[in-house]
Amino acid sequence: MEALLVSVTVFVLAVFVGFEIITKIPSTLHTPLMSGSNAISGITIVGALVAAGAGEGSVAKYLGFAAVVLATVNVVGGFLITNRMLAMFRRKK
Amino acid sequence: MGANLINTAYLLAAVLFILGLKGLTSPRTAVRGNFLGAMGMLLAAVATLADRQIVSYEAIALGIAIGAVIGLIWAVRVQMTAMPQLVAAFNGFGGGASALVAGAAVFMPGAISGVPEIQVHVSGVLSAFIGSATLSGSLIAWAKLQGVLRWQPRGLAMQAVISGSALAGIALGVCYVVDPTALWAFGGLCALAVVYGVLLTVSVGGADMPVIIALLNSCSGLAAAATGFVLGNNVLIISGSLVGASGFILTQIMCKAMNRSLWDVLRGDLGEAAAKGATTDVYTGRIKSTSPEEAALIFDTARIVTVVPGYGMAVAQAQHAVRDFANLVESRGGEVRYAIHPVAGRMPGHMNVLLAEADVPYDRLYDMDTINPLFAETDVAIVLGANDVVNPAARDEPGSPIYGMPILDVDKAQVVLMIKRSLSPGFAGIPNLLFTRDNTLMMFADAKKAMQDLSREIRDL
């Protein structure tokens with residue numbers, strides 16, 4: 001129960017941090033914001049790696065493997081495409 | 001590596017994500033911000049690989065290799081005009097991955113140390129539902145934006161099925177939490193969530209896409225946060241809630257820019273008047289059309305020109321032609337501005353990305369609140385493939401179905417040049433009163449060809 005409360009605290013505080021930062025992002029960067037934040041949501045790869053690397057339970061391992069593939073597409077593709085877009089915004093003077 | 005060291009690495013990664021998002025508050029620092037985010041991800045992944053629970057690396061290596069190749073090729077080869085589809089698809093992958101991790105955790109609850117079983121099951125259900133619905137919903141959104149899916153059912157029966165699938169999903173979720181050995185309930189829950197995601201997005205219309213993409217973006221984050229609760233992992237909770245907040249804010253901005261509630265958008269509901277269909281009688285005898293030769297003469301004396309791009313510019317891929325036209329006007333001493341409505345195009349910031357691709361400096365792009373007072377000093381406003389967002393009825397006619405929606409006040413410009421292929425109504429299905437204004441000239445043409453012809457005629461002046 002104590003651990004859950006700590007997690008909920010972290011969750012609530014992170015939501016506030018998110019609101020504070022995101023409201024300051026100009027509308028011109030809203031597409032890169034979506035693709036960039038989407039890449040960050042690929043953090044679920046952390047859980048995917050543990051599941052795919054676990055020795056026990058073949059079902060968990062297969063699910064973990066599929067999760068690693070999807071999360072990696074998300075992370076690699078997401079950060080790359082965001083970089084491509086942002087480079088276009090930057091090259092102007 | 002000890003658990004403390006891994007958790008410290010996770011904390012560092014979370015800080016890097018926050019700094020990365022902070023970098024996006026200005027185009028000058030944005031590239032570095034994105035890089036910081038990527039470094040945070042690398043750090044978190046490497047730290048995880050040192051986890052004692054991981055005993056074999058074959059599946060991991062293969063999974064990363066496959067995912068990296070797909071992500072790399074996709075991100076490098078995709079055209080900027082296909083960006084809405086790509087963002088939609090990636091949202092889905094994030095949500096799907098989170099749901100899969102929740103599923104894996106359900107099959108090995110003992111492996112997660114320090115998290116009470118009930119927390120694993122409850123947040124596992126949440127993650128599986130949100131993640132599965134995000135995956136299927138995003139794939140439908142991708143298919144619609146890609147143009148491979150045109151089916152758009154509506155109506156009460158559809159509403160009943162959507163609500164039914166959600167309720168049945170919740171019921172199965174409760175079943176599973178009460179009796180965690182009932183894996184069938186967990187599987188059924190995922191299947192219903194997939195159906196729910198499909199039905200919810202399939203009824204959303206084209207111009208409402210910015211809302212649904214922002215919403216799916218938010219959900220991909222929430223799914224990750226829920227998975228964080230499953231694993232008792234703070235870096236997932238932090239990152240997931242950052243993304244959830246980000247998508248939620250964008251969803252709100254989009255809804256506000258259309259003066260519609262999220263609920264109306266999800267129902268594909270435009271109000272009764274719109275459903276009756278458009279009549280074009282209001283246009284009879286009140287439309288003035290023009291040709292590129294004629295229109296070029298206006299630009300001979302025009303000093304301030306404002307371009308109002310819409311989805312039509314994206315479809316015609318006219319952004320480079322617009323840029324050439326702007327260069328020409330500027331070389332003749334004029335000034336070109338761009339007025340961007342928040343919901344122009346198919347996703348938040350769609351027009352900005354296309355214009356950036358065509359090398360338009362971002363400081364020439366004005367948002368709605370900044371540009372509206374400036375239309376009075378504008379000599380010519382060129383409306384390029386936008387429609388409902390410039391309809392004065394939204395401002396002046398309380399009876400109109402779109403009344404109250406914030407619009408760009410292009411009708412306040414000296415001359416409005418409306419470039420459009422025909423008089424067909426926009427997404428809202430209602431006549432656009434702007435077409436009938438005395439200061440409006442219609443040029444019936446494809447956006448790209450119209451801009452190229454216009455540039456040629458101006459050069460020949």
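We name chains A, B, ... by the order of the sequence lines, and we start the count at 1 in each one.
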Separation of M34(A) CE from L86(B) CG (nearest 0.5 Å): 10.5 Å
N352(B) (side chain) donor-acceptor with L29(A) (main chain) under 3.5 angstrom: no
Beyond-backbone contact of S246(B) with L33(A), side-chain heavy atoms, under 4.5 angstrom: yes
Part of T227(B) lying under 4.5 Å from any heavy atom of chain A: side chain
Main-chain N/O of M80(B) paired with R84(A) side-chain donor or acceptor, under 3.5 Å: no
Nearest-0.5 Å distance that lies between atom CE in M83(B) and atom CD1 in I81(A): 3.5 Å
I340(B) portion near chain A, given a 4.5 angstrom heavy-atom threshold: neither
Heavy-atom proximity to chain A below 4.5 Å, by part of V78(B): both
Distance-minimising heavy-atom pair for S241(B) and V15(A): CB-CG2, 3.6 Å
Contact check, side chains of L63(A) and V106(B), non-hydrogen atoms, under 4.5 Å: no
Whether over 12 other heavy atoms sit under 6.0 Å from F65(A) CZ: yes
Which atoms of A225(B) approach chain A - backbone, side chain, both or neither, heavy atom under 4.5 Å: side chain
Which of N234(B), V69(B), I70(B) touches chain A most, by non-hydrogen pairs under 4.5 Å: N234(B)
Atom pair CZ (F79(A)) and CG (L36(B)), whose distance is rounded to the nearest 0.5 Å: 10.0 Å
Chain A contacts, top residue of V353(B), I238(B), I66(B) (heavy-atom pairs, under 4.5 Å): V353(B)
Spacing of S41(A) atom OG and F17(B) atom CZ [to the nearest 0.5 Å]: 10.0 Å
Contacting region of L24(B) [heavy-atom separation from chain A under 4.5 Å]: both
Proximity breakdown for L365(B) and chain A, heavy-atom pairs closer than 4.5 Å: side chain
Residue Y57(B) excluded, over 12 heavy atoms near OH under 6.0 Å: yes
From I22(A) atom CD1 to K22(B) atom NZ, the distance as rounded to the nearest 0.5 Å: 11.5 Å
Under 4.5 Å from a heavy atom of chain A, the part of T48(B) involved: side chain
Smallest separation among heavy atoms of A52(A) and I60(B), with atom names: CB-CG1, 4.0 Å
pair N38(A)-V87(B): side-chain heavy atoms closer than 4.5 Å: no
Region of I45(A) in contact with chain B, defined by heavy-atom distances below 4.5 Å: side chain
CZ/F35(B): more than 12 non-hydrogen atoms of other groups inside 6.0 Å: no
Residue S218(B) versus chain A: region with a heavy atom under 4.5 Å: neither
Neighbour count above 12 (heavy atom, 6.0 Å) for R32(B) CZ: no
Proximal component of I118(B), with respect to chain A [non-hydrogen, under 4.5 Å]: neither
Any donor-acceptor pair under 3.5 Å from N34(B) side chain to T82(A) backbone: no
Within-4.5 Å side-chain heavy-atom neighbours: M347(B) and H30(A): no
Closest heavy-atom pair and its distance - V31(B), A87(A): CG2-N, 4.0 Å
Side chain to side chain, I64(B) and L49(A), heavy atoms closer than 4.5 Å: yes
Within-4.5 Å side-chain heavy-atom neighbours: Y10(B) and V46(A): yes
G71(B) versus V76(A), closest heavy-atom pair with distance: C-CG1, 4.3 Å
Most contacts with chain B, counted as non-hydrogen pairs under 4.5 angstrom, among V68(A), T28(A), V6(A), I21(A): T28(A)
pair N217(B)-S37(A): side-chain heavy atoms closer than 4.5 Å: yes
N91(B), part contacting chain A, at a heavy-atom distance under 4.5 Å: both
Residue, of V17(A), N74(A), V50(A), L13(A), that accumulates the most heavy atom pairs under 4.5 Å with chain B: N74(A)
Rounded distance (nearest 0.5 Å) linking atom CZ of F89(A) with atom CG of L355(B): 8.5 Å
Shortest non-hydrogen contact between L242(B) and A14(A), atoms and distance: CD2-O, 3.7 Å
Nearest non-hydrogen partners of T44(A) and G94(B), listed with the distance: CG2-O, 4.2 Å
Flag, side chain of T31(A) to backbone of P348(B), donor-acceptor distance under 3.5 Å: yes
Heavy-atom pair count under 4.5 Å with chain A, highest-scoring of V235(B), D367(B), I253(B), N233(B): V235(B)
Among the listed options G63(B), G349(B), A223(B), A245(B), the residue most often paired with chain A at heavy-atom distances under 4.5 Å: G63(B)
Largest heavy-atom contact set with chain A, pairs under 4.5 Å, which of G37(B), G221(B), S26(B): G37(B)
Max heavy-atom pair count under 4.5 Å with chain B, selected residue of V10(A), N83(A), V75(A), I43(A): I43(A)
Min side-chain heavy-atom separation V8(A)-I237(B) under 4.5 Å: no
Heavy-atom pair count under 4.5 Å with chain A, highest-scoring of A38(B), A102(B), A59(B), A224(B): A38(B)
Toward chain B, the part of A39(A) with a non-hydrogen atom under 4.5 Å: backbone
